[in-house]
Amino acid sequence: MVGSPKPLFITLLFVYLGSQVESDASDHRYHDGDTVPFYANKVGPYRNPWETYAYFDLPFCSADNVKEKKLNLGEMLNGDRLVSTPYKLEFRVNKDSEVLCKKTLSKTDVSQFRSVIAKDYYMQLYYDDLPIWAFIGHVERDYSDERKSKYFLYKHFDFEVLYNKEHVIEVNLRVDQNYLADVTEDKDIDVDFTYSVKWLVTQYLFEERMGKYIGSSILPHHMSIHHHSITNSSVTLLILSICLMTFYVLVLRKDISKFSQDVEGDQVADNLDETGWKNIHGDIFRFPQHKSLFAAALGSGTHLLLLIISILVMGLLGVFQPYHRGVFLNALVITYAVTSVVSGYTSVSFYCQLEGTSWMKNLLLIGGLYFGPLFLTFCFLNSVAIFYGTTAALPIGGIVILSLLWIFLASPLLLLGGIVGKNRASDFEAPCRTSKCPREVPQLRWYRGVLPQMALAGILPFSVIYIQLHYIFATVWGHRVYTLYSILSVVFVLLLIITALVSVALTYFQLAVEDHEWWWRCVIFLWWLYRIVCIWLLYLSLFLEIRHDWFHANLLLLRLYGLCLLRHISGTWKCGFPCLIALCSLPICGHKMRLAGVISDGMKSI
């Protein structure tokens, strides 16, 4: 591993995060009559949290001078667009039927409100960094004749604010069904928008005020499901381990002892009567084709593996608190940029071990192997978001920040890692000599082909993570909050171990039929089936549970496909047996979680 980037990583990350999540009043302390920050964020259909629009895209009451809150990178990536509102909720000041504004809604405004009410649009507000949600209106449906349905706009909101000494602890918003504006017909109407504020004392401490949002998640009420899932995965792992160890002791021990010597030319004839992997132990470590691309896949996979581990560690440390805007995506971007040094080091050092000479070309390849497809996918999705006018479109400020991070942080660290990897690269020391002439790979039966093997390799690893995938999808595509990083970390460790064991077995089966071209197959063993299952789960969640509209369903599908397209570059790591530990990915929130892979570089036991 290169040098010690940890101090730089920790300093950059936590200084950046700490400076980005504060509210306008950084200590959240107020005195009687003080103005508490109140912002409107976005609106969108309840069934599709990813389809969001700016708050003032709808004809709400607006102040004379609307101020936009300065956003951090994570907030921009998350589609947040905070703006000031005419609501005035001073600290500990009660109000009753305060007039927000008197407004005449034109036919166009009425039609617009009716359209969004029919789609169950909600709005998101923030009061002292506490999130508030409320529907814009409701429909009184006539199921016998849809044309007779009536649409009503809420024009009065009741705010109930709980406080403890100098802190705001909780805020609730309720609608008053007695104050409704009928927007069923296209005609001009006069509407008086009002609101009331009531302050109540609570004993909850300021440090505990986010507990409400954690408790609202479905996850804590399903802990038994997670426990049963971990138990079943552990039993599966135990059984698989026992089977492999038994097989190793009974079958391989004598063969490994017999073939522990180097292959000499005059020994080949003596081994003609041998079958299986014993016949090809002189071809096992023949370098793969496209060495530079293979080394780049190794470096990218190691990079993503470290990225996932870092995110899990920060989750366990409590960095990602619910509804702290942009923290997760900030961490993801900064961690990815800082850990670029690992991908450069791993790729170039392994490329030099494979007797590669153009290490600079390899460095350029590793720089674009993951980032290139990611950049193209981002450009396409951002263009579509701009066309439809959603807040998912990244503003120019966010694009500039990402560009600066890539140019002045990620790229120099990638180059630094490549230089250190080149200088510290050691010779490739195979435990046995490679024969001069490669053996011809025999024709294999259909079930030993690449696709059947990938399907077989993905079953057990997927059985370990499918429960967590369900809850992660509920977070990404719904309104849930994922907080069980401890459970996720345990599942992650189980996933690493079980994929390693599966890969050991499948690699041995491949060598047993005298197929020595295992390098590239290792890289793609597990990702394909998992990609198919993810897409299937996505469509299931979209059209059976969430029922998104057609465009945004395909937009989200393209996002997932972009992630899956990049997953095949999962790389490799060193271990002492001829195996790939190809790790399946965990996709998570517009902020989405990925696992990298690892591969053996030695058959030291052969």
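All residue numbers in this chain count up from 1 along the given sequence.
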Do [X] and [Y] have their ring centres less than 6.0 Å from each other?
X	Y	value
Tyr163	Tyr204	no
Tyr195	Phe157	no
Tyr87	Phe159	yes
Tyr336	Tyr370	yes

- Message: Closer than 4.0 angstrom, basic N to acidic O: yes or no for Arg114 and Asp186?
- Response: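 Asp186 and Arg114: salt-bridged.
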- Task: Look at the rings of Phe320 and Phe328 and say which category their plane angle falls in: under 30° parallel, 30 to 60° tilted, over 60° perpendicular.
- Result: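 Aromatic pair Phe320/Phe328 classed perpendicular.
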- Query: Using 30° and 60° as the class limits, which term best fits the ring planes of Phe206 and His28: parallel, tilted or perpendicular?
  - Reply: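 Answer is tilted, since the angle falls between 30° and 60°.
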- Does Arg325 make a cation-pi contact with Tyr126, if we ask for NZ or CZ under 6.0 Å from the ring centre and within 45° of the axis?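 Verdict for Tyr126: a cation-pi partner in Arg325.
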- Please list, chain by chain and in numerical order, all residues satisfying side-chain contact (heavy atoms from CB on, under 4.5 Å) with His138, sequence neighbours excluded.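 Once residues adjacent in sequence are excluded, the partners of His138 under the side-chain contact (heavy atoms from CB on, under 4.5 Å) criterion are Glu140, Phe152, Tyr154, Gln177, Leu180.
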- Message: Does either side chain, that of Asn232 or that of Ser229, offer a donor lying less than 3.5 Å from an acceptor on the other one?
- Response: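 Judged by distance alone, the side chains do not pair up.
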- Message: On a heavy-atom basis, which atom in Ala118 and which in Tyr151 lie closest, and how many Å separate them?
- Response: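 Minimum heavy-atom contact is CB-CE2, 3.7 Å.
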Taking distance alone, no hydrogens or angles, what donor-acceptor pairs closer than 3.5 Å link side-chain atoms of residues 58-65 to residues at least two apart or in another chain?
none

- Counting distance only, does the side-chain N/O of Asn330 pair as donor-acceptor with the main-chain N or O of Gly74 below 3.5 Å?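 Yes, Asn330 side chain to Gly74 backbone: donor-acceptor pair under 3.5 Å.
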